[in-house]
Amino acid sequence: MSQAKVDRYKEEKKNRKKIMAKEKRMRIAGYIVGCLVAVGIIGWAGYSGYSAYEANKPMETIYANLDSVTDYMSSLNAE
């Protein structure tokens, strides 16, 4: 081995714990970001699907005949 390789190996060995800790942090950060992206995509798909379902759902319209209430109120006001 050349002296440059030996020096590089010694430097790597000296900083190995720092390098391993940094790689571990980066790996954990990658998992967290990946999970957040997956949750975001699933949430967006669910919201979009629910919106499409609600848009295509038939509207229920209730008609109420208020003639009797109007007649009652006018009879109260007539007195």
Any donor-acceptor pair under 3.5 Å linking the side chain of Ser48 with the backbone of Ala45?
no
Look up atom CE in Met20 and atom CZ in Arg25, then write down how far apart they are to the nearest 0.5 Å.
12.5 Å
NZ/Lys22 to NZ/Lys18 distance, rounded to the nearest 0.5 angstrom?
11.5 Å
Using 0.5 Å steps for rounding, measure from the CG atom of Leu36 to the CD1 atom of Ile41.
11.0 Å
To the closest 0.5 Å, what do you measure between OG (Ser2) and NZ (Lys5)?
5.5 Å
To the nearest 0.5 Å, what is the distance between OH (Tyr50) and OH (Tyr47)?
10.0 Å
Nearest-0.5 Å distance that lies between atom NZ in Lys14 and atom OH in Tyr9
14.0 Å
Report yes or no: do Val69 and Leu76 belong to one cluster of Ile/Leu/Val/Met/Phe/Trp/Tyr joined by side chain heavy-atom distances under 4.5 Å?
yes
Ion pair check, Arg8 and Glu11, cut-off under 4.0 Å:
no
